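Data first, discussion second: the structure below is written as structure tokens.
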Amino acid sequence: MLSTRVSHQVINCASGGGGVAIDNKIEQAMDLVKSHLMYAVREEVEVLKEQIKELVERNSLLERENALLKSLSNNDQLSQLPAQQANPGSTSQQQAVTAQPPQPTQPPQQPNVSSA
């Protein structure tokens, strides 16, 4: 702001009577820039609020999913989770697969052999 004041003073001294008109135009231009910046900031704030809302909803959904997976898993599977979380290569999909209850195994089927 100091440089703006100094430039206004220089313009006023150099131009004599026309300095007031130039000052008014500079002030109008600055007001225009200010209003454009305020509009852009308000717009960005609205976008960020919407993103925050979406992230809060997603977080809530993931917390519910996590609670469901914990309720469906057994203690052995839950005890494996801290080791997987320490491994940066593990993904949430891998953790979700391990958190699922074990599927019952079926005995291998006997091939159909026809006696001739």
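None of the values given here were measured: they were computed from a predicted structure. Starting from 1, each residue takes its place in the sequence as its number.
For the atom pair CD1 (I26) and CD1 (I22), the distance works out to 6.5 Å, reported to the nearest 0.5 Å. If you take OG on S71 and CG on N66, they are separated by 10.0 Å, rounding to the nearest 0.5 Å.
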Inset, instruction - Test side chain to side chain contact (heavy atoms under 4.5 Å, CB included) on E57 and K53 and set out the steps. - result: CA-CA 6 Å; E57 290 172 0; K53 181 181 172 185; 3.6 Å; yes

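At least one side-chain heavy atom of D31 sits under 4.5 Å from a side-chain heavy atom of E27. Using a 4.5 Å cut-off on side-chain heavy atoms (C-beta onward), V33 and L37 make contact. For the pair L68/R64, no side-chain contact is recorded, criterion being any heavy-atom separation below 4.5 Å from C-beta on. Between E46 and E50, every side-chain heavy-atom pair lies at or beyond the 4.5 Å cut-off.
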